[in-house]
2 protein chains.
Amino acid sequence: MEPYRSILQKRGYRMTPQRIAVLRVMAEFGRHMTPIEVFQQAQQELPGMTEPTVYRTLNFLSEQGLLLAAHVGSGQFVYEIALRDHHHLICRECGEALEIGHELLAQLYENLKNQTGFQINSMHVTFFGLCPGCQEKKPSAQISDNSSTAGQQSG
Amino acid sequence: MEPYRSILQKRGYRMTPQRIAVLRVMAEFGRHMTPIEVFQQAQQELPGMTEPTVYRTLNFLSEQGLLLAAHVGSGQFVYEIALRDHHHLICRECGEALEIGHELLAQLYENLKNQTGFQINSMHVTFFGLCPGCQEKKPSAQISDNSSTAGQQSG
DNA sequence: ATCCTTATTGCAACTAGTTGCAATAACTAA
DNA sequence: TTAGTTATTGCAACTAGTTGCAATAAGGAT
């Protein structure tokens, strides 16, 4: 927990029991979690923990880069601990999720920087699509065809 | 409105006054709108329109690819009409937003397809970063440095 | 060790968004 | 044109998430 403490303190923020509880939970579970799940677990770690604090803490820690946040379809907003830079690929049909390394996006970020001057730092992008299995059952199509494809969010 | 109607009907869905009202509003404004904004405007078009219907309609239309949905930071979930495939670049500092054409991502999607078999259809991805102006004021840094960079959502 | 500044929390009230279900109405087919 | 099927809506109650503000406590300075 100490590395996290020093990161925050260098930036003028404080390490609190509530933040420790959330980081502990995220580190222990090591997977996508909804704010509600985090709240329930964090309450075990620290009785008296409140919901607004969990929401504020998750938001704060992801702003600080200690957590990653992502929308994984149908309005589900989830968090996970930031151990390595990676992104997600999620199947709209069956929900199957795949991790992809950041190196696949590095070139794109470079291009965007060259063309727009923006220095991109989205280290957790989620792409939606159809996994190989679901492509067979439900062939992809355009907006003018008879199947749902594009649209929905991704960021 | 007729093209939209036939798209939905081909897929076994129905065109209703509520869906027309939402599409009208989105087409008229032609920009990012929050569900609340859409609700307020749609009520003008169709008195009696309710909030659950607006939420359901926005969700439905974006699943069908007629609307695009995106998170533009700090929990803001917005929709816009799907006229052309594009993505967004948003500055975390000042909020400046830039549109980028889909052709910039086409190669990435191709690579992902080759490597994973997934057929990506995220036609509205939002990337976060720092615009040139804000880079000067606030030099970017890594997680172990003294500035906020990575993290937050994008997908 | 103690004081001081101010970041952070908890509370309470609020706004945003979702869900189950019965009633309605859009479209298809005869 | 009418009847039948079922996708869609509205209602109401619910869950999720946010905000303002006073009280608290983390951490730097003395």
Side-chain angles (χ1 to χ4, degrees), chain A residues 1-2 4-23 33-43 45-64 66-67 69-79 146 148 152-153, chain B residues 1-2 4-23 33-43 45-64 66-67 69-79 146 148 152-153:
Chain A
M1 229 27 73
E2 282 315 308
Y4 290 129
R5 177 186 296 272
S6 83
I7 291 170
L8 294 184
Q9 291 189 355
K10 273 187 206 161
R11 299 180 190 170
Y13 302 113
R14 298 170 186 175
M15 183 53 94
T16 65
Q18 291 82 354
R19 289 178 179 169
I20 291 174
V22 168
L23 284 167
M33 295 180 82
T34 64
I36 305 281
E37 285 177 312
V38 176
F39 171 62
Q40 290 165 343
Q41 294 300 327
Q43 250 189 342
E45 293 266 336
L46 187 72
M49 187 87 164
T50 64
E51 271 174 291
T53 296
V54 169
Y55 282 104
R56 279 189 285 222
T57 301
L58 289 172
N59 190 55
F60 170 80
L61 292 176
S62 64
E63 275 178 358
Q64 295 305 313
L66 306 191
L67 297 182
H71 280 272
V72 291
S74 33
Q76 283 266 311
F77 202 52
V78 298
Y79 293 85
N146 69 335
S148 78
Q152 194 97 318
Q153 56 81 29
Chain B
M1 227 28 72
E2 283 314 308
Y4 290 129
R5 177 187 296 271
S6 82
I7 291 170
L8 294 184
Q9 291 190 356
K10 273 187 206 161
R11 298 179 191 171
Y13 302 113
R14 299 172 186 173
M15 182 54 94
T16 64
Q18 292 82 353
R19 289 178 179 169
I20 291 174
V22 167
L23 284 167
M33 296 180 81
T34 64
I36 305 283
E37 285 178 311
V38 176
F39 170 60
Q40 289 164 344
Q41 294 300 328
Q43 251 189 341
E45 293 266 337
L46 186 73
M49 187 88 163
T50 64
E51 272 175 290
T53 296
V54 169
Y55 283 104
R56 278 189 286 221
T57 301
L58 289 172
N59 189 56
F60 170 80
L61 293 176
S62 64
E63 274 177 358
Q64 295 304 314
L66 307 191
L67 296 182
H71 279 272
V72 290
S74 33
Q76 283 267 311
F77 201 52
V78 298
Y79 293 85
N146 68 335
S148 78
Q152 195 94 319
Q153 57 79 28

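Not measured: the values here are computed from a predicted model. In the text below, chain A, chain B and the rest are named by the order of the sequence lines, each starting its count at 1.
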* Give the C-alpha distance, both sets of side-chain angles, the deciding distance and a yes or no for side-chain contact (heavy atoms from CB on, under 4.5 Å) between B/V22 and B/F39. => CA-CA 8 Å; B/V22 167; B/F39 170 60; over 6 Å; no
* Between P of D/dC14 and CD1 of A/I36, the distance in whole Å -> 17 Å
* Using heavy atoms to find the nearest nucleotide of DNA chain D for A/P52 and A/R5 separately, return the residue whose nucleotide is more 5′. => A/P52
* Ignoring hydrogens and geometry, is there a side-chain-to-backbone donor-acceptor pair from B/T57 to B/T53 under 3.5 Å? -> yes
* Under 3.5 Å donor-acceptor, B/R19 side chain and B/R14 backbone -> yes
* **Per A/R19 side chain, nearest of listed nucleotides D/dG10, C/dT9, C/dC27** => C/dT9
* Asked: Within the structure shown, what part of the strands sits under 4.0 Å from B/Y55 by heavy-atom distance: base, sugar-phosphate, or nothing?
  -> base
* To do: Starting from C1' on C/dT8, measure out to CG on A/L8 and report it in whole angstrom.
  => 12 Å
* Structure fact -> Of B/R56 and B/R14, the one whose nearest nucleotide on DNA chain C sits closer to the 5' end is B/R56
* **Rounded distance (Å) that lies between atom P of C/dT15 and atom CD of B/Q40** => 13 Å
* Asked: Counting side-chain heavy atoms from CB outward, which of C/dT9, C/dA16, D/dT8 is closest to B/F60?
  -> D/dT8
* Asked: To the nearest Å, how far apart are A/F77 CZ and D/dG17 P?
  -> 10 Å
* Structure fact -> Rounded to whole Å, CG of A/L46 lies from P of D/dA25 at a distance of 12 Å
* Whole-Å distance between C/dT15 C1' and B/F39 CZ? -> 13 Å
* Under 4.0 angstrom between A/T16 side-chain N/O and C/dT9 OP1 or OP2 -> yes
* Structure fact -> Of D/dA26, C/dA26, C/dT18, the nucleotide closest to the side chain of A/P17 is D/dA26
* Would you classify B/Q18 as touching base, sugar-phosphate or nothing, given that sugar-phosphate means primed atoms plus P, OP1 and OP2, and contacts are heavy atoms under 4.0 Å? => sugar-phosphate
* Asked: Contact class for A/E51 (heavy atom, under 4.0 Å): base, sugar-phosphate, or nothing?
  -> nothing
* Find the distance between OH (B/Y79) and CG (B/N59) and round it off to the nearest 0.5 Å. => 5.5 Å
* To do: Grab the CE-P distance between B/M49 and D/dC11 for me, whole Å please.
  => 12 Å
* How long is the gap from CG on B/L23 to CZ on B/R5, to the nearest 0.5 Å? -> 11.0 Å
* **Rounded distance in Å - CG (B/L58) to P (D/dT8)** => 15 Å
* Contact under 4.0 Å: B/Q9 side-chain N or O vs C/dC27 OP1/OP2 -> yes
